[in-house]
Amino acid sequence: MKERITLNHGSGGRQTNELIRNLFASRFGMNEPLTDSAVLKKPEAALVFTTDAYVVDPVFFPGGNIGKLSVCGTVNDLAVSGARPEHIACSFIIEEGFPLDDLISIVDSMADEAARAGVRIVTGDTKVVGKGKCDKIFITTSGTGVIEKGREHIGSGSRVRAGDRLIINGPVGNHSIAVLGARNNLSFSTPVLSDCASLNHLTACIIDKCSDIHFMRDLTRGGLAGVLNELAGMTGRGITINESAVPVDEPVRGVCEMLGFDPLTLANEGKLLIVASARAEKEILRRLKSDPLGRDSTVIGEITESDKNMVILKTSSGGSRILDMPSGEQLPRIC
Amino acid sequence: MMLMKYIDEYRDRDLIMKLAGRITASARHDYIFMEVCGGHTAAIHRFGIPALLPENIRLISGPGCPVCVTGTDFIDKTVAYSEMDDVIIATFGDLIRVPGSSSSLEKQKASGADIRIVFSALDALGIARTEKEKKVIFPGIGFETTAPGTAVTIRQALHERIENFFVLSAHKVMPPAMEAIVKEGTSINGFICPGHVAAVTGSSIFRFLPEKYGLGCVVTGFEPTDLLQAILMLIEQVNGKDPKVEIQYRRAVTAGGNPLAQKNIREVFVPSDAYWRGFGTIPASGLTPGRNYDRFDAEISMPVKVQYHEENEICICSEILRGLKNPCDCPLFADICSPENPVGACMVSGEGACSTWYRYKRER
């Protein structure tokens, strides 16, 4: 019979202890003795701190699972702030009856992704709730990173100027459509995989070599349209985007046409927007394209002096219109 | 993927520019055309078509967004049903955020009512099949495009003797509202006619417009080249003083339409007087389940009473729906009224003129 998580695994007794030691601590490489808190060295530069909860449904989707997502998402929040991610804390809320094998796969993915990103999972917590009190498994991760002096503007966009170029690192919408497809058993002629990936090596390869980066943000919920509108609002500048320059994979475009979604508003888990001065454009593209996660990087538009606080989309048909902030719930529980 | 190849041909930039150039060259006077269908309003703005047209061509939105023309009392009735213990409301997603006089289905859902989003009436019937101890109410909304689906579902419910499925019908037909607009004297030079309605009814239902009122009609599709070609055809009709019904959307529409869909509508529904927001009651413009099917009519099998409420007095949805005003003429637009906080129905529906303007055209 399939082994399942029971309320005993969260009771704080022997089963909890076994689960922590045999599964979490061993896979995450935590050292004995296991203590209540991780002790971290005081960094030489400023500390960056972030947290995020993951409730994606289904828990396993093409291209990833909730565990991988919970590491990538937090690593990316730190990376796009201009920081070097270092430590992660994770907390699990598990529904009674959740298959143990699934939990092992999820924890393995977290350990793999942490190793790939070069971060350490240093502390955590596990709770088990009764059947029906949560949906399978929810994970919260918090992370710390270190930001070198002179990079604080990357998160706030305070150096963004008219004429700056907007760059993204590849096609948008894949994560949302992969999750939607898995949830509704949609079959695609070409499989759509989530783009779920840690971007910290990619961001490091440009910010370490190039001082002209004025803003970075990952394109998660709200998608490209959400981030562009936030940027326009934060900087008070205008933004012009060429619709035909924004890469969208063919199957994603097809599903969007059928279901009435705009790919520019769909969530991604391995895409980011970079705003940089025009003179750095070539150098940044060259560096991004040398990394597999940036192979399809491209310039999609620029910052303008006109149309303040607004995002204007030059449509593929040759017209133009506002690209608005998405409103309401497009697709629930995609991350 | 074949699908996108098929669509891309209708979005060909060179062809679009060529059509835009021909429109500019042929547009000798001022023209006002009404796009009746909410889907057209959304497509026109999504593709940025107004930016391609010369200034002497104005497009105004009509009454063809089903959510927008549905009265507050209809929403109030769905809310009243949702408060009953043994009722499941199975609705199209479009309706869920439409404000009634005191609540919306979205708010009802948050406070515990059993409200489920379905993509067709048949999905609602499926819920009725599995949840036999509950009453499942499907708010039937839409024009001749969605009415056949509801009709087929009601026939299926009869065939399977399903007794816990009901329709609250706000289904409407298009021509009486178009006639009401013309009779009111709204200044227009022609209609961009709804392609999907005409795919069901045939283009012949619009014949009375050129014959009785001298107004041209072009039935068109939803891609940029469709819309631009339709505008060009209307300009040529006006220039040649030759109003008629033309079909641009030949890949989907014929003069006679889809006889099977029409037969289902005729079999299940009878014409009834219907309330349209902005117009009031228009005779014979609604569709209600007829005698053999009236046990599926929620209003007959489980009637509820709701109080009549006036619409917000400042909101100009009713004038927008009749083509008399634009969303930006409204003092509430993009200020008090937004998609997050809609006052009138035109801001709620993705096909509503206000919501479309808000998304694509605000403050430009």
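Sequence lines set the chain letters: A, B, ... in the order given, protein chains first and strands last, and positions in each chain run from 1.
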Side chain / backbone / both / neither for B:P224 at chain A, heavy atoms under 4.5 Å: side chain
Residue among B:R46, B:E35, B:E351 satisfying side-chain hydrogen bond (donor to acceptor under 3.5 Å, both in side chains) with B:T41: B:E35
Validation row, ring centre A:F61 to ring centre A:H175 under 6.0 Å: yes
A:S316, part contacting chain B, at a heavy-atom distance under 4.5 Å: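 Just its backbone gets close to chain B.
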Side chain / backbone / both / neither for B:F119 at chain A, heavy atoms under 4.5 Å: neither
A:F261 six-ring centre to A:R253 NZ/CZ under 6.0 Å and within 45° of normal: no
Under 4.5 Å from a heavy atom of chain A, the part of B:L52 involved: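 Contact with chain A is through the side chain of B:L52 alone.
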Whether over 12 other heavy atoms sit under 6.0 Å from B:K134 NZ: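 It does: B:K134 NZ has more than 12 such atoms within range.
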